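Given the structure is predicted, the values throughout are model-derived calculations rather than measurements. Naming convention: chains lettered A, B, ... in sequence-line order (proteins, then strands); numbering from 1 in each chain.
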Number of protein chains: 2
Amino acid sequence: MAVTIKDVAKKAGVSPSTVSRVLSNHPRISVETSRKVKEIMEQLGYHPNIMAKSLVSKTTNSICIMLPKSAEELFSNFFFMELIRGIVTQASRLGYDVLISSGANEKEEVEAVSRLLNGRRVDGVILLYSRKDDPVIDFLYENGHHFVLIGRSERYPDTLSVDNDNVQASYDAAKHLISLGHERIGFVSGPPDLVFSKDRLKGFMDALNDAGLEMRPEWIVEGEFLQDSGYRAMSFFMNLPDRPTAIVLIDDVVSFGVLRSLHELKYKVPEDLCLVSFNNIPLSELSTPPLSSIDIGIYNLGYTASQLLIQSIENGNDKNYQKRQIIPHRLMIRESSMHSISKK
Amino acid sequence: MAVTIKDVAKKAGVSPSTVSRVLSNHPRISVETSRKVKEIMEQLGYHPNIMAKSLVSKTTNSICIMLPKSAEELFSNFFFMELIRGIVTQASRLGYDVLISSGANEKEEVEAVSRLLNGRRVDGVILLYSRKDDPVIDFLYENGHHFVLIGRSERYPDTLSVDNDNVQASYDAAKHLISLGHERIGFVSGPPDLVFSKDRLKGFMDALNDAGLEMRPEWIVEGEFLQDSGYRAMSFFMNLPDRPTAIVLIDDVVSFGVLRSLHELKYKVPEDLCLVSFNNIPLSELSTPPLSSIDIGIYNLGYTASQLLIQSIENGNDKNYQKRQIIPHRLMIRESSMHSISKK
DNA sequence: CTGAAAGCGCTAACAC
DNA sequence: GTGTTAGCGCTTTCAG
């Protein structure tokens, strides 16, 4: 049997409540008693029972991360791990534990979140992704739970979220290519139901528009693709009569696939095609050639999300802090985009 | 205020204990009552309070993952994320929640684990790494907690663990190169305090010995290294009078670094140097050239660890199931090693 | 098959 | 400053 607050109390010759007060650093407790109690606790190897504490205090000091379904996740393991590190680091700094959960489909996800939140096991949730029309978000929103989104929700714009300015980031990426003289620029997107895919496409289009550049539908490849399908897509892409001289890609991992395909098709990067992508994963500077990429501060996204959620849990949802936090991005220029086009 | 078991009981006209029994599918409960109670629960939106249940049942139905310190983690985000996915999937299948924790140093790690385990918040722990002389393992072992290691402990060989046969895997990798006619083979290791680094080095040496091949100390590069230091190491390595024609590398990410360095140094893979590494991360087939790599079944490692831990929690530690589970590995041969040497 | 009662380990008024 | 008391929401004997 584990040692409880009563055991400590008895041995210290005080009441359980005194021990409890020592535990929570209650102001009105004599230094002497406190010292003594702490000594006994040490001596007995006392550890407060977290569950019991939670039960009465009605707060768990823990938050939950919802992992995306594996299909989406494969998209970028690096991304999620980095996010998680940020979240866990900040959470534990603030005295919170982090629970990690997932579901095979949206129904299971809602069930998991509901069980955890309604069952009072966690105080709030961080969603690592922003899908369009996500029933999990509906559930969270309708039941007034504490939650924050990595990304943003179109349906509930007033929800707490941590995001990049993806429109601007993508604008910057395109602008970079335009400044190198590229006039035919393509875009390789990700899963269309992810909000950032849309945002990045928009920023891309804005940049082209502002520069008065043409934008052909066949220069825009939608949907996730790696390996095989990537090969076919690139093959098609590079055989277009007026093929682009540069592309913006939704994600570094996609870039790796494209790089591989281009290599097999005997095209040279950046000479035949310039590449700029997103996320700046550690491997992006180790590819051949190194990838230009927009660093979106993944760790920072997680870190900030964690902070925002805990703030909301502790101070209530309706404070007037920033509902939507934007993490700055930064274009890392590397070899994959270092090829300028001289204007004809 | 949330709806409790009492509310359900009152509305259903039964006692709280009956409701509790319905909840746990107690055998001696009439089908009729059960149906009715369940209906009321649905109607009221009842969710059992997990903390209260834990408090009395003295079991939390949750396990904890200890994340390695960030320095080690950077080594391979892919690896850990995949492991976590395996763990979480199997845990939730078995009705367990997964908590994720970490510490900035070993002392903090012990504190975290101690707080969670002694504070009865989790039933057991999975360690994602196997360091030599790890105080966390000492703590877990000495206090009789449930835990499983990914990898293995040299100090406590009888501890529950899930591992690859790293010696054999590395033997296989070297053997593959030897079968291609390579006679001068190098080895690039990882952090020397990680147990699998040692195991893989051993397997490598065994293979060379068995084949009667020479093994020079300068062909073995110890320690983690990427980018800059990798460049220097490779530069040194390739300028040796009798430089190796092939190397085995501890990890795909290291291979990426080496690939990059070799490219900058104008060496060709596999013509000038053949590469075989470990882990088979998704990106390894997207590099140029695609990497030969030993698939160690990362997801499976996590999955099995989860299962083993929960088994141990539920059936007690001293059952006679396999204490040490070995996940099979498989060499994936790709272009980076497809160059044979004709014997002189 | 079901109810009453005790208690898991802790906190939080309310006394003194 | 510290003790007393009453639960938090649930499970679990023990009766019946």
Side-chain angles (χ1 to χ4, degrees), chain A residues 1-38 40-41 44-62 95 97 115-123, chain B residues 1-38 40-41 44-62 95 97 115-123:
Chain A
M1 200 71 275
V3 22
T4 79
I5 217 171
K6 282 187 185 169
D7 302 324
V8 178
K10 191 177 294 174
K11 182 139 189 179
V14 296
S15 79
S17 38
T18 302
V19 178
S20 172
R21 282 189 261 258
V22 170
L23 234 35
S24 48
N25 289 313
H26 193 101
R28 294 192 302 227
I29 206 91
S30 84
V31 186
E32 171 58 14
T33 329
S34 170
R35 195 199 49 69
K36 184 168 155 201
V37 169
K38 277 181 180 154
I40 306 271
M41 292 198 307
L44 258 40
Y46 169 76
H47 288 267
N49 183 310
I50 308 180
M51 297 299 185
K53 181 184 161 116
S54 279
L55 183 57
V56 36
S57 69
K58 291 187 173 332
T59 154
T60 65
N61 278 307
S62 37
D97 288 317
R115 185 179 58 83
L116 258 16
L117 246 11
N118 289 321
R120 298 282 184 280
R121 193 195 203 79
V122 300
D123 299 332
Chain B
M1 201 68 275
V3 21
T4 78
I5 217 170
K6 282 187 185 170
D7 303 323
V8 178
K10 191 177 295 174
K11 182 138 189 181
V14 296
S15 79
S17 32
T18 303
V19 178
S20 171
R21 283 189 259 258
V22 170
L23 233 36
S24 48
N25 289 314
H26 193 100
R28 294 193 301 227
I29 206 91
S30 85
V31 186
E32 172 57 14
T33 326
S34 171
R35 195 198 49 71
K36 184 168 154 200
V37 169
K38 277 181 180 152
I40 306 272
M41 292 198 306
L44 258 42
Y46 169 75
H47 288 267
N49 183 310
I50 309 179
M51 297 299 184
K53 180 184 161 118
S54 279
L55 184 55
V56 34
S57 70
K58 294 189 172 330
T59 154
T60 64
N61 278 307
S62 39
D97 287 318
R115 184 179 58 82
L116 258 16
L117 246 12
N118 289 321
R120 299 283 184 279
R121 190 190 206 84
V122 300
D123 299 333

Notebook entry, point to check: Between C:dC8 atom P and B:R121 atom CZ, what is the distance in whole Å?
Noted result: 21 Å
Notebook entry, point to check: Going 5' to 3' along nucleotides 10-16 of chain C, which nucleotides have protein heavy atoms under 4.0 Å from the base (write B), which only from the sugar-phosphate (write S), and which from neither (write -)?
Noted result: BBBB---
Item checked: Comparing B:L55 and B:S34 on DNA chain C - which has the more 5′ nearest nucleotide -> B:S34
Note to self: When the axes are fitted on five pairs at both termini, how much does the helix from C:dC1-D:dG16 to C:dC16-D:dG1 curve, in 10° steps?
What the structure shows: 30°
Note to self: Does D:dG1 have OP1 or OP2 under 4.0 Å away from a side-chain N or O of A:T33?
What the structure shows: no
Notebook entry, point to check: Quick one: side chain to side chain contact (heavy atoms under 4.5 Å, CB included) partners of B:S57, sequence neighbours excluded?
Noted result: B:K53, B:T59
Check: Once you round it to whole Å, what is the distance between C1' of D:dG1 and CG of A:N25?
Finding: 15 Å
Next item on the list: Name all pairs fulfilling the salt bridge (Lys or Arg N to Asp or Glu O under 4.0 Å) condition that reach into residues 5-27 of chain B, sequence neighbours left out, sorted by first residue then second.
Entry: none
Checklist line | Sequence neighbours excluded - side chain to side chain donor-acceptor pair (under 3.5 Å) pairs with any residue from residues 29-38 of chain B | finding: B:S30-B:T33, B:E32-B:R35, B:R35-B:E39
Checklist line | side-chain hydrogen bond (donor to acceptor under 3.5 Å, both in side chains) against B:S20, all qualifying residues, sequence neighbours excluded | finding: none
Next item on the list: May I have the distance from B:I29 (atom CD1) to D:dT11 (atom C1'), rounded to whole angstrom?
Entry: 13 Å
Checklist line | Spacing between B:N61 atom CG and D:dC10 atom P, to the nearest angstrom | finding: 15 Å
Checklist line | Euclidean distance, B:I29 CD1 relative to B:L23 CG, rounded to 0.5 Å | finding: 11.0 Å
Next item on the list: For side chain to side chain contact (heavy atoms under 4.5 Å, CB included), just list the numbers for B:V122 and B:R115, CA-CA rounded to whole Å, side-chain angles, deciding distance to a tenth of an Å, and then say yes or no.
Entry: CA-CA 10 Å; B:V122 300; B:R115 184 179 58 82; over 6 Å; no
Check: Who pairs with A:S54 by side-chain hydrogen bond (donor to acceptor under 3.5 Å, both in side chains), at least two apart in sequence or on another chain?
Finding: none
Note to self: Using the salt bridge (charged side-chain N to carboxylate O under 4.0 Å, His left out) criterion, which residues pair with A:D123? Sequence neighbours excluded.
What the structure shows: none
Margin query: Rounded to whole Å, please give me the gap between CE in A:M51 and C1' in D:dG7.
Written below: 20 Å
